[in-house]
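See structure below.
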Amino acid sequence: MGNSSSLLTQYDLEDLQNHCSNLYSQREIIALYERFCQLDRTSKGFISADEFMGVPEFAVNPLCQRLLKMLEGLNFKEFIALLSAFSARATKDDKLKFIFRVYDTDGNGKVTSSDMLQVLRDLSGNFLTDEQRQSVLNQALEQAGYTVDSALTLLDFKQVLGKADLKMDVEVPVD
Amino acid sequence: MEGDQFKGSADGINAGEAGRGICNEVVADFLNTNVEEDSSEAYLDNKMQLRDLLDISQVLSEAGSAIIDDSFTRCFKSNAPEPWNWNIYLFPLWVMGVAVRYLILFPIRVILLALGWIIFLSLFFPLHFALKNHDQLRRQIERGLVEFMCSVFVASWTGVVKYHGPRPSRRTKQVFVANHTSMIDFVILEQMTGFSAIMQKHPGWVGFLQTTVLESLGCIWFNRTEANDRHAVAQKLKNHVNDPDANPLLIFPEGTCVNNEYTVMFKKGAFELDCVVCPIAIKYNKIFVDAFWNSKKQSFTMHLVRLMTSWAVVCDVWYLEPQTIKKGETPIEFSERQQNFSEAVIRRLNATAQNQ
């Protein structure tokens with residue numbers, strides 16, 4: 001594959017680092033760039049949906065369709081900006097923002113109970129019926145102080161998940 | 001309640017299961033809790049449930065981890081060796097090396113190979129037809145001839161092969177499995193013992209060889225695209241393994257060539273035959289040549305030419321202890337166990353090679 005870091009100048013690296021709020025080191029960005037080029041088999045400058053689905057471990061993930069909508073067609077700059085939530089340097093806020101984005105598919109800043117139901121459906125599959133999921137969700141919402149019709153904002157998410165121990169760090173393998 | 005029902009579709013890949021498992025546990029607990037309990041503890045417990053329901057961080061990190069680096073793609077990546085000829089002192093030496101390899105060694109090897117082929121073909125085909133009715137004798141001679149031809153092949157790349165471990169014996173109800181780096185794996189193993197293998201039919205001159213010569217060894221063909229084929233092939237495998245006259249059966253359970261540093265998931269076919277599985281590990285020494293045949297990037301002929309213009313092909317073949325399926329283990333679990341074992345062996349060989 002050759003030395004692909006030669007395609008990124010120091011100026012490029014600094015620009016990329018800025019764009020992902022310095023959550024990745026320069027070496028990590030180089031490694032991610034190699035990975036990006038490896039996934040983007042036809043060198044289009046972005047990774048298509050089927051190239052993502054060509055990674056078996058990604059394709060069996062229950063949330064792969066949601067993540068695909070967020071990830072496909074992104075250029076490298078946007079790609080690492082999105083993935084920076086997985087960096088060990090990312091704050092809890094960054095990770096919560098990312099989780100919120102996964103739920104909020106239409107991007108209007110509000111997560112309704114039907115959004116939450118859909119994610120639950122992705123995760124549990126045939127294990128539960130829709131009625132069971134709905135009832136569990138409703139009870140959980142009511143006990144947390146929300147109603148069935150309320151739409152959660154990012155602030156609400158921060159409140160609910162604030163104390164959760166989010167283990168969302170993925171190490172970038174650096175040679 | 002645990003993730004068993006999800007194993008079917010993933011066939012061994014456990015990604016997503018942990019995340020789903022936690023979600024299902026939480027939900028199932030919630031459904032079983034008597035919501036009318038009024039104690040504050042129960043209230044606090046239940047309040048946390050929304051947090052657990054919304055916490056998809058584990059599933060997300062598995063997806064993120066797959067995007068950033070996944071073990072499947074890793075198996076096909078070939079690390080280009082560091083160029084060592086970059087300065088004024090080493091470069092002329094390298095040029096001399098190239099001259100020796102391409103202009104002296106390569107022609108000698110080609111001649112050697114051609115001679116070997118001529119001898120082989122001129123003996124094989126007449127014998128094949130002349131001894132048509134003396135099957136036992138014919139098979140023995142053909143086997144000997146094929147072993148000879150494989151030795152010629154190995155010599156044509158200056159193959160230095162070291163065999164470790166007890167040599168395979170001819171017995172029923174045993175099958176040999178080996179990791180796969182290139183088509184030459186088969187040749188290297190064949191040189192020592194007359195195996196029959198199960199292979200995909202290739203086009204071109206390789207295919208011709210397969211149908212004429214390898215037929216005599218009792219090789220089994222399959223066609224990946226035919227769905228009915230699988231049953232017919234499974235039956236043929238079973239028959240072969242139970243036949244005391246047949247050659248020992250060699251299977252490459254990865255089903256494809258891998259870069260000799262990791263292993264791809266083993267296909268379970270070899271492990272469903274109800275026999276003892278004898279693993280073989282083949283480790284190539286990368287210093288001399290990278291023997292990984294990336295069939296998407298190179299044709300077999302180009303691959304052979306590359307091997308024949310290198311200094312040598314050095315490899316170690318380890319015949320490992322026979323393994324049997326444990327009580328209560330499914331064939332899929334058995335194949336996973338073998339894959340882990342095989343990968344551990346290769347990694348260990350890699351580590352010792354690097355330490356030398």
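It should be emphasised that the depicted structure is a prediction, and the values quoted were computed from it without experimental measurement. We name chains A, B, ... by the order of the sequence lines, and we start the count at 1 in each one.
Using a 4.5 Å cut-off between heavy atoms, V111(A) makes no contact with chain B at all. Contacts between L71(A) and chain B at a heavy-atom distance below 4.5 Å involve the side chain alone, from C-beta outward. Of the two parts of F98(A), only the side chain, counted from C-beta on, holds a non-hydrogen atom closer than 4.5 Å to a non-hydrogen atom of chain B. When heavy atoms are compared at a cutoff of 4.5 Å, L32(A) approaches chain B solely by way of its side chain, counted from C-beta outward. Neither the backbone nor the side chain of F100(A) has a heavy atom closer than 4.5 Å to any heavy atom of chain B. Within the 4.5 angstrom heavy-atom criterion, atoms from both the backbone and the side chain of K163(A) approach chain B.
For the pair S61(B) and D169(A), the minimum side-chain heavy-atom distance is 4.5 Å or more. A heavy-atom distance below 4.5 Å is found between the side chains of L54(B) and L152(A). Put simply, the side chain of D69(B) does not reach to within 4.5 Å of the side chain of V170(A), judged on heavy atoms.
Here the closest heavy-atom approach between residue F58(A) and residue A63(B) is recorded as CD1-O, 4.0 Å. In terms of heavy-atom proximity, A66(B) sits nearest to V55(A) at O-CG1, 3.7 Å. I68(B) and P173(A) get closest at one heavy-atom pair: CG2-CD, 3.9 Å.
Although no hydrogens or angles enter the test, the distance criterion places a donor-acceptor pair under 3.5 Å between the side chain of N61(A) and the main chain of V59(B).
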